[in-house]
Amino acid sequence: MNPKSELIRHMPNLRAFAISLCGSAERADDYVQEALMKAWSNLDSYRPGTNMRAWLFTILRNAYYSELRKRRREVEDADDAMASRLASLPEQHGHMDMRDFRRALASLPEDQREALILIGASGFSYEEAAEICGCAVGTVKSRVNRARNRLAELLSVDSATDYGPDAAAQHVLATTRQTPSAA
Amino acid sequence: MTRKQMSATGQNFDAAQGADDGGRARSAKLDQRLQAHIGRQLKSMYDAYLSEPVPDHLIELLEELDKVQAAHTSARSDETDGEPA
């Protein structure tokens with residue numbers, strides 16, 4: 001397979017990772033573009049037969065972090081900026097429930113969010129994630145645990161007693177709890 | 001556990017919390033359910049992003065890089081053949 005079609009094959013995944021990390025499709029596409037160009041000019045350093053997806057993810061997260069460091073210098077509180085950007089995202093990706101989730105995810109420290117996405121969504125092993133993040137396997141594990149616990153804290157306060165995916169059902173539940181006769 | 005059972009357990013939770021015994025087990029159960037819920041949310045968010053079409057300009061970028069490289073490679077092999085392009 002030539003490098004172009006190989007890169008095209010991995011692009012949706014790379015992009016999903018980028019959007020999950022930064023919370024903005026527009027910014028994510030900038031990171032993906034940068035990562036693609038870096039990957040292309042460094043194809044020599046990619047060893048065929050090894051995990052190209054992990055290699056690309058590594059390049060992308062490095063692009064993301066170097067941009068983030070730049071931003072941190074410019075914007076006093078990048079986390080706040082991102083939280084408000086996320087809050088203003090159109091609802092194209094789902095209902096209230098999902099919006100709460102995305103907001104909670106965005107409020108996590110970068111390293112925890114990254115670890116959680118790599119393990120829980122991108123489907124990497126702890127070993128692969130450790131390689132991508134340049135840290136120990138144990139560190140990835142503890143980041144994922146802390147991320148899960150923090151999300152549980154944030155979301156258990158917000159959500160109704162039913163953890164089903166349907167926001168409408170949650171609304172009904174909330175209403176019926178106040179006025180048991182209305183159903 | 002079915003959805004129906006889950007929501008039944010959930011509705012009983014407030015009442016059950018008052019009881020001293022079994023409270024811890026219930027909260028562990030709740031935590032487990034919440035974790036499963038978080039896992040599903042994360043996955044469905046990611047999958048929604050995954051299924052979005054990749055913007056044209058990113059594909060075009062790769063096409064362009066590929067073209068430039070192809071031209072470069074053929075120019076190089078011309079040079080080694082002693083026939084500059």
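Lettering of chains follows the sequences in order, A, B, ..., and the numbering in each one begins at 1.
- Among the candidates A:Ile117, A:Leu7, A:Asp29, the residue making the largest number of heavy-atom pairs closer than 4.5 Å to chain B is A:Asp29.
- Looking at residues two or more places apart in sequence or on another chain, you find a ring-ring contact (aromatic ring centres under 6.0 Å, His included) between A:Phe57 and A:Phe17, A:Phe124.
- Heavy atoms from other residues, nucleotides or ligands lying under 6.0 Å from CD of B:Glu63 number more than 12.
- Between B:Glu52 and A:Pro12, every side-chain heavy-atom pair lies at or beyond the 4.5 Å cut-off.
- Using a 4.5 Å cut-off on side-chain heavy atoms (C-beta onward), B:Leu50 and A:Arg15 make no contact.
- Contacts of B:Leu42 with chain A are made by both backbone and side-chain atoms, with heavy-atom separations under 4.5 Å.
- Open room surrounds CD on A:Glu131; 12 or fewer heavy atoms of other groups in view lie less than 6.0 Å from it.
- Smallest separation of non-hydrogen atoms from B:Leu34 and A:Ser156: CD2-CB, 3.5 Å.
- Looking at A:Leu14, there are no atoms closer than 4.5 Å to chain B (heavy atoms on both sides), in backbone or side chain.
- Atom-to-atom distance recorded for A:Leu151:CG and B:Ile38:CD1 is 5.0 Å, nearest 0.5 angstrom.
- When the side chains of ILVMFWY residues are joined at heavy-atom separations under 4.5 Å, either directly or via intervening members, B:Leu58 and B:Val68 end up in two distinct hydrophobic clusters.
- Note that the CZ atom of A:Arg148 and the CG atom of B:Asp31 stand 11.5 Å from one another [nearest 0.5 Å].
- Between B:His37 and A:Asp97, the closest side-chain pair of non-hydrogen atoms falls below 4.5 Å.
- The distance from atom CE of B:Met45 to atom CZ of A:Arg99, rounded to the nearest 0.5 Å, is 15.5 Å.
- Side-chain contact between B:Gln35 and A:Asn149 is present, with heavy atoms from C-beta onward closer than 4.5 Å.
- Your options are A:Ala121, A:Ala28, A:Gly120, and the one with the most heavy-atom pairs under 4.5 Å with chain B is A:Ala121.
- When the shell of 6.0 Å around CE of A:Met37 is examined, it contains 12 or fewer heavy atoms from other residues, nucleotides or ligands.
- Under the side-chain hydrogen bond (donor to acceptor under 3.5 Å, both in side chains) criterion, no residue pair touches residues 40-50 of chain A, with sequence neighbours excluded.
- A:Lys4 contributes atom NZ, which lies 11.5 Å from atom CG of B:Leu61 (distance to the nearest 0.5 angstrom).
- There is no side-chain donor-acceptor pair under 3.5 Å between A:Ser20 and B:Tyr49.
- Interface remark: B:Ser51 contributes no atoms to any contact with chain A (heavy atom separation under 4.5 Å).
- Atom CD in B:Gln41 sits 7.0 Å away from atom CG in A:Leu155 (nearest 0.5 Å).
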